[in-house]
Amino acid sequence: MNNRFAVILAAGQGTRMKSKLYKVLHPVCGKPMVQHVIDHVKELKIEEIVTVIGHGAEKVQEVLGDSCEYVLQEQQLGTAHAVMQAEGALVSKKGTTLVICGDTPLIKAETMEALLSLHEDSKAKATILTAHAENPAGYGRVLRNEQGNVEKIVEHKDASAEERAVKEINTGTYCFDNEALFAALKKVSNENAQNEYYLPDVIEILKAEGEIVTAFQTEDFEETLGVNDRVALSQAEQIMKKRINEAHMRNGVTIIDPSSTYIEADVIIGRDSIIQPGSMIKGQSVIGEDCLIGPNTEISSCEIGSGTAIRQSAAYDSQIGSDVQIGPFAHIRPESDIQDEVKIGNFVEIKKAVFGKGSKASHLSYIGDAEVGQNVNIGCGSITVNYDGKKKHLTKIEDDVFIGCNSNLVAPVTIAKGAYVAAGSTITQDVPAEALSVARARQVNKEDYVKKLKFNN
Ligand code: UD1
Ligand code: CA
């Protein structure tokens, strides 16, 4: 097989996004759009991936890490100028170079592969990925001669009214013979409406030299959407969201209402799990089999076992075991470790706490900075008093402890194994194992007191 290289264009600022964030870093389904492009390219057999960075170079490089090589385009003088920056890395190499924009996150690896194969099987020096667009405004138009062969690409801003009527667009993805590409790039000028060096001009240059240039038109315009502004960003989000939901459904996940279910790109969900309407599952979340998520639940970067149900709740950056019941209306904050068979009921907040197997906090509790053992029962309304205004302190509740309703556990404090805390206690000292601790004022009943009050009036 031919050597294959890829150049990803990601140096532009993205003026039309009107954003502080560099365009290619805007997320689509939770992943920066350029990362989608790189991930797709990585599915192909490619020797070298070179990403051209410029605006926000450091930030882009930080996000993409060592998944590719980088070249810097100091000034953004156009897409041809951008590809030129890869000259040092690629110029003398023989093979095919795939060029793709960092703002087309929806182009699938299989489409790139089809383009590469077509290019390699033909004798063409360039093959353009094109699509039919009902509304082609903004895109470069692909102009063909009477025989139907590609002649050139004209940018929207440079096109005549007649050329603008053409609905075949340049998707910004191409395959080139590597040596022919770098030779032709030297001949590109910037005499056009935007005073930019246009990569699509390479097509006309190669044609003028008598080389063969072909096009591969995909069926699916949606896939080739270029994200230049926030309207296109929301369209990309919709398309990607549908794609992700469908992939989960094909893998055996039930999604009751895909239109109201938002699952980010890297989420993994096991078979026979059911996702109910209004749910968002984000980040690096991994959900096991037979889980029930939702309705109206947000989960971000949580690892969840199997058979767990999380209803109308929010959970962030935490571990949640198997056969756990959470919600409705619970809040699991970061760094929590909720083990198997736990029950977290309504209006319970857990923060940075270990919750041992089989333990329960069924109603109205705050458990923060705590280590809760196994088979602990935390009564309704009980809380850890973890903050003294300056520092956070640890509450330890050992196995088999019973905390009566509406207790305050003032940290640092330990309730040792098997102890009981009477309802309404404010615990400020450690409670020994198996002890009953009562820490509240004794009840006084004043006989006939109310009658006397009324008589005095
Ligand atoms: C480009 C194409 C157009 C095509 C469309 C498909 C050109 C001149 N036009 O237009 O024919 O229909 O994509 O979406 O190529 N970039 C750099 N350095 C630069 C300029 C751009 O790295 O100096 C990068 C951008 O970050 C972006 C990509 O190249 O990822 C495309 O640039 P953009 O300005 O979005 O081009 P379009 O106007 O969309
Ligand atoms: Ca674009």
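Indexing begins at 1, ligand by ligand and atom by atom, following the structure's order. Only a predicted model underlies this, so the values are computations on that prediction, with no experimental measurement involved.
Ranked by closest heavy atom to atom 32 (O) of ligand 1, the top entry among I53, T79, T15 is T79. The option from Q73, H55, Q13 that lies nearest to atom 18 (N) of ligand 1, judged by heavy atoms, is Q73.
With ligand atoms numbered from 1 in the order given, ligand 1 contributes 7 (C), 8 (C), 11 (O), 15 (O) to contacts under 4.0 Å with heavy atoms of P200. For ligand 1, the atoms sitting less than 4.0 Å from at least one non-hydrogen atom of Y139 are 6 (C), 12 (O), 14 (O), numbered in the order shown with element in parentheses. Here is the list of ligand 1 atoms found below 4.0 Å of a heavy atom in G140: 3 (C), 4 (C), 11 (O), 12 (O). Residue D103 has at least one heavy-atom neighbour below 4.0 Å for each of these atoms of ligand 1: 30 (O), 35 (O).
Looking only at heavy atoms of the protein, atom 20 (C) of ligand 1 is closest to G78 C, 3.8 Å. When hydrogens are left out, the protein atom nearest atom 22 (O) of ligand 1 is A11 N, 2.9 Å; that is the closest non-hydrogen contact. In this structure, atom 36 (O) of ligand 1 lies nearest to the protein heavy atom R16 NH2, 4.4 Å. With hydrogens left out, the protein atom closest to atom 11 (O) of ligand 1 is E155 OE2, 2.7 Å, a heavy atom.
For N145, the CG atom counts as densely surrounded, since its 6.0 Å shell holds more than 12 non-hydrogen atoms of other residues, nucleotides or ligands. Around NZ of K360, the count of heavy atoms belonging to other residues, nucleotides or ligands within 6.0 Å does not exceed 12.
At under 3.5 Å, a nitrogen or oxygen of N228, whether backbone or side chain, sits near a nitrogen or oxygen of ligand 1. Polar contact with ligand 1: absent for Y174 (N/O pair, distance under 3.5 Å). At a 3.5 angstrom cut-off on N or O pairs, L199 does not count as close to ligand 1. Any N or O atom pair closer than 3.5 Å counts here, and L9 shares at least one such pair with ligand 1. The N/O atoms of G12, backbone and side chain alike, include one that comes under 3.5 Å of an N/O atom in ligand 1. The N/O atoms of C101, backbone and side chain alike, include none that comes under 3.5 Å of an N/O atom in ligand 1.
Neither the backbone nor the side chain of H81 comes within contact range of ligand 1; no heavy atom lies under 4.0 Å. For E196, no heavy-atom contact with ligand 1 is shorter than 4.0 Å. Contacts of T171 with ligand 1, taken as heavy-atom pairs under 4.0 Å, involve the backbone alone. Contact annotation: for N170 versus ligand 1, heavy atoms closer than 4.0 Å belong to both the backbone and the side chain. By the criterion of a heavy-atom distance under 4.0 Å, neither the backbone nor the side chain of M33 is placed next to ligand 1. Under 4.0 angstrom from ligand 1, there are no non-hydrogen atoms of I169. At a 4.0 Å heavy-atom cut-off, ligand 1 touches K23 through the side chain alone. Of the heavy atoms in A82, only side-chain atoms (C-beta onward) come closer than 4.0 Å to ligand 1.
In terms of distance to the Ca ion (ligand 2), the nearest N, O or S atom of D103 is named OD2.
A perpendicular orientation is assigned to the rings of F221 and Y139, their planes being inclined by more than 60° (bins at 30° and 60°).
The backbone N or O of D257 sits less than 3.5 Å from a side-chain atom of T261, completing a donor-acceptor pair. With hydrogens and angles disregarded, no donor-acceptor distance shorter than 3.5 Å links the side chain of T254 to the backbone of I274.
We find that E134 and K167 are joined by a salt bridge, their nearest charged nitrogen and carboxylate oxygen being less than 4.0 Å apart. Using a 4.0 Å cut-off between charged nitrogen and carboxylate oxygen, R144 and E168 count as a salt-bridge pair. Ion pair E87/K186 flagged as a salt bridge, since at least one NZ, NE, NH1 or NH2 atom sits closer than 4.0 Å to an Asp/Glu carboxylate oxygen. One finds a salt bridge joining E120 and R4 here, because a Lys/Arg side-chain nitrogen approaches an Asp/Glu carboxylate oxygen to under 4.0 Å. Electrostatic pairing of E179 and K94 counts as a salt bridge here, judged by a charged N lying under 4.0 Å from a carboxylate O. Under the 4.0 Å criterion applied to side-chain N and carboxylate O atoms, D290 and R271 are not assigned as salt-bridge partners. Taking a cutoff of 4.0 Å between a charged side-chain nitrogen and a carboxylate oxygen, E211 and K207 do not qualify as a salt bridge.
Between S322 and S306, the side chains place no donor N or O within less than 3.5 Å of an acceptor N or O (distance only, hydrogens not considered).
In this structure, atom 1 (C) of ligand 1 has its sub-4.0 angstrom surroundings free of protein heavy atoms.
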What do the steps show when you test H393 against D388 for side chain to side chain contact (heavy atoms under 4.5 Å, CB included), and what is the final call?
CA-CA 8 Å; H393 300 280; D388 61 10; 2.8 Å; yes

Yes or no on salt bridge (charged side-chain N to carboxylate O under 4.0 Å, His left out) for K282 and E298, after CA distance, side-chain angles and deciding distance?
CA-CA 8 Å; K282 308 196 288 191; E298 181 183 359; 2.8 Å; yes

Worked verdict on E222 versus R243 for salt bridge (charged side-chain N to carboxylate O under 4.0 Å, His left out)
CA-CA 11 Å; E222 272 198 342; R243 203 186 274 180; over 6 Å; no

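Among the atoms of T104, no N, O or S atom is found under 3.0 Å from the Ca ion (ligand 2).
Heavy-atom separations between L77 and ligand 1 include at least one value shorter than 4.0 Å.
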